[in-house]
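Here is the naming used below: chain letters follow the sequence lines, and residue numbers restart at 1 for every chain.
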Amino acid sequence: MAAKRKLKGESLFLRYLILGGWALFCLMPVLWFLSIGLRPRTEIITPTPIYFPTFSLDAWHMIWEDWPMGQYLRNSVLAIIGSVIIDLVLAIPAAYSLSRFEYRGRDDIGFYILSTRMMAPAIVAVPIFFLFRNMGLLDTIWALMLIYAAINLSFVTWIIRSYMLEIPKELEDAAKTDGAGELRILWEIIIPAVLPGIITAAVIAMIFAINEFLFTLLIASTPDAYTMSVALANFTGGSDGIIYNAIALVAFLAFVPVFLVVVAIQKHLSRGLTMGAVKG
Amino acid sequence: MARIELNDIQKRWGPVWGVRDVNIDIADEEFVVFLGPSGCGKTTTMRMIAGLEDPSEGEIIMDGEVMNEIDARDRDVAMVFQGYALYPNMTIFENIRFPLRMRNIPKQEHDALVRRAAELVELTDYLDRKPAALSGGQRQRAALARAIVREPQVFLMDEPLSNLDAKLRQAMRVQIKHIQRELKITTVYVTHDQIEAMTLADRIVIMQSGAIQQIGTPDEIYNDPANTFVANFIGSPPMNLIEGTLEGGIFRAEGIEVGGLPGHHSGTITLGIRPEDCTVAAEGAHLSGTVFGVEPTGDTTYLTMKAGNKLIEVKADRDYRADLNIDEKVRFDPTRIYLFDGESGERLR
Ligand SMILES: Nc1ncnc2c1ncn2[C@@H]1O[C@H](COP(=O)(O)OP(=O)(O)O)[C@@H](O)[C@H]1O
Ligand SMILES: [Mg+2]
């Protein structure tokens with residue numbers, strides 16, 4: 001563990017200045033979106049900058065009243081949560097196997113799993129369209145759940161596996177001599193020890209799923225399955241032209257839940273793995 | 001409870017030897033200590049007994065039953081791991097209770113058993129903490145408590161006291177021996193600390209480079225070492241090993257002459273004599289050299305003699321003092337002299 005040094009005076013001030021500047025830089029687009037989302041449409045496309053825009057809830061009313069935004073939101077949330085659950089149910093045992101048992105071809109299998117991420121999504125777009133059509137799943141959130149889960153499964157497995165590799169083997173040996181079976185060991189020892197890794201993987205999967213566009217557009221053809229990300233695209237078509245303030249506001253709304261989730265669990269994201277389990 | 005036989009056990013990982021040719025018959029209720037330097041195969045041997053490692057060759061038999069194919073979980077051994085292996089997400093209480101839950105011991109007994117084990121290792125105040133919030137010594141004691149919380153067939157302890165300070169180590173040593181005698185559970189204990197081995201063991205197994213050098217009671221190991229490795233490993237300071245030649249019953253090295261030795265050996269010989277079997281004496285002296293160092297420790301004084309280019313350790317009287325580089329003479333107790341083959345290091349009798 002790195003030693004904590006007490007910083008004083010200038011050096012502390014400098015540190016806050018740099019970190020604060022960086023935070024502002026990173027948050028700028030978000031604040032910009034919020035600012036655009038909360039001004040009237042007329043103040044958006046102007047050649048001269050407006051430093052103090054008029055506050056307006058036009059876009060807010062528009063997205064909730066003219067569009068079934070509640071349903072899009074619900075679709076997004078269900079599809080994403082469903083896909084993350086599918087991922088974890090499949091990835092945890094897979095990662096356990098890949099990290100803990102020795103069998104022929106284990107590392108190859110691990111690599112194949114990862115390699116599914118390496119091709120361009122467009123290559124499989126058409127086959128997947130037909131697959132879901134034949135299964136009668138087009139335009140349903142079930143299809144979205146499955147496709148998000150499929151997209152994220154490989155790296156969720158990979159992240160959890162890498163956390164599992166960090167667990168000292170002695171921990172499992174101890175559990176074995178204490179009389180625990182494999183499932184007990186997985187449930188009572190391994191999963192709690194890699195919880196930070198599981199949470200990290202789940203959050204990243206969530207973020208990918210929220211941003212997923214291509215396959216969602218392919219699968220969803222009516223508001224039955226539209227998600228926030230596809231809804232955004234809707235504001236750019238039609239007779240009204242591009243509705244920038246609505247786009248910005250929806251984008252901001254899509255950002256908020258992710259932000260809240262990350263804030264809520266951030267102590268798990270950075271926490272040490274197996275603190276106190278072994279010597280040293 | 002359990003007798004353990006290891007028959008012709010070998011362990012290899014590809015070209016790497018962990019253990020070669022281990023044979024030992026551990027009696028029921030016996031306390032056996034494996035002693036040897038780091039990397040000599042102690043942990044590996046213990047892991048094979050626990051069922052955590054399969055021997056490449058040989059049989060492990062417990063109470064007449066071949067155990068090679070039996071899972072670790074079904075062997076009913078309790079092990080203290082060298083690296084503690086405490087479950088990081090559980091409190092110390094939960095850690096100690098874990099084997100009770102896994103072995104289906106009635107729930108209403110858990111609390112009393114955990115508390116008793118924690119008391120034995122003086123850890124009752126820390127039961128609510130997570131392992132991360134304990135010091136190394138406390139973690140080690142928690143690991144010990146987890147092993148002694150139930151009554152298994154066999155205790156396996158891999159350097160369970162290595163991280164405790166001297167005082168606590170002494171106290172825990174007595175505690176472990178007491179628990180073992182009380183519960184009458186066969187115990188295999190691994191250490192690289194010879195004092196631990198001497199004080200705890202019914203029998204000591206000395207290992208080096210994966211092979212057993214000698215098996216014997218602490219007395220036998222100390223007074224009747226099988227080779228120079230054992231002679232040098234046991235005793236503090238260790239036995240003096242002096243290379244020289246033996247001719248007609250007389251051993252000679254620079255500054256050293258010892259007569260009256262058995263006439264049937266000759267040639268290059270290593271003579272062994274423990275520091276406590278040497279006395280500073282002009283009369284009948286075997287060694288004449290110069291004083292190289294004097295170390296008073298309070299209850300005794302260690303004198304280091306230089307003869308030729310060889311340093312020889314002597315346990316002198318507690319108030320012995322001498323200036324450096326003066327001439328001094330030392331006498332060996334003739335009944336306490338050991339002879340070893342100059343090449344193989346094997347004991348000559
Ligand atoms: N899993 C393993 N793979 C390869 N070599 C190993 C493995 N475990 C132990 N060894 C080797 O076997 C030898 C004995 O190790 P060990 O039993 O841990 O020694 P000790 O406990 O006496 O210090 C060492 O040389 C070690 O490097
Ligand atoms: Mg070891």
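With respect to chain A, the highest number of heavy-atom pairs below 4.5 Å among B/Met90, B/Arg146, B/Arg75 belongs to B/Arg146. In terms of non-hydrogen atom pairs under 4.5 Å with chain A, the most contact-rich of B/Arg150, B/Arg47, B/Met79, B/Lys130 is B/Arg47.
Annotation for B/Trp13: atom CH2 counts as buried by contact number, over 12 foreign heavy atoms lying within 6.0 Å. Other residues, nucleotides and ligands contribute more than 12 heavy atoms inside 6.0 Å of the CG atom of B/Asp165. Other residues, nucleotides and ligands place no more than 12 heavy atoms under 6.0 Å from the CD atom of B/Glu69. Counting heavy-atom neighbours within 6.0 Å of A/Tyr103 OH, excluding the residue itself, gives a total above 12. Heavy atoms from other residues, nucleotides or ligands lying under 6.0 Å from CZ of A/Phe101 number more than 12. Counting non-hydrogen atoms of neighbouring residues, nucleotides and ligands closer than 6.0 angstrom, the OH atom of A/Tyr112 reaches no more than 12 such neighbours. Other residues, nucleotides and ligands contribute more than 12 heavy atoms inside 6.0 Å of the CZ atom of A/Phe215.
The line from CG of B/Asn95 to CG of A/Asp178 is 9.0 Å long, rounded to the nearest 0.5 Å. For the atom pair CD of A/Glu170 and CG of B/Asp158, the computed distance is 7.5 Å after rounding to the nearest 0.5 Å.
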**OP:** Take B/Tyr84 and A/Leu171 through the side-chain contact (heavy atoms from CB on, under 4.5 Å) test and state the conclusion after the steps.
**Re:** CA-CA 9 Å; B/Tyr84 321 142; A/Leu171 221 54; over 6 Å; no
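In this structure a side-chain-to-backbone donor-acceptor pair under 3.5 Å is missing from B/Tyr87 to A/Ala193.
The shortest side-chain heavy-atom distance between A/Arg184 and B/Arg101 falls under the 4.5 Å cut-off. Counting only heavy atoms from C-beta outward, the side chains of B/Asn89 and A/Glu188 never approach each other to under 4.5 Å. With contacts defined as side-chain heavy-atom distances shorter than 4.5 Å, the pair B/Phe81/A/Thr177 qualifies.
Residues A/Gly179 and B/Arg73 share a closest heavy-atom pair of O-CD, 3.6 Å.
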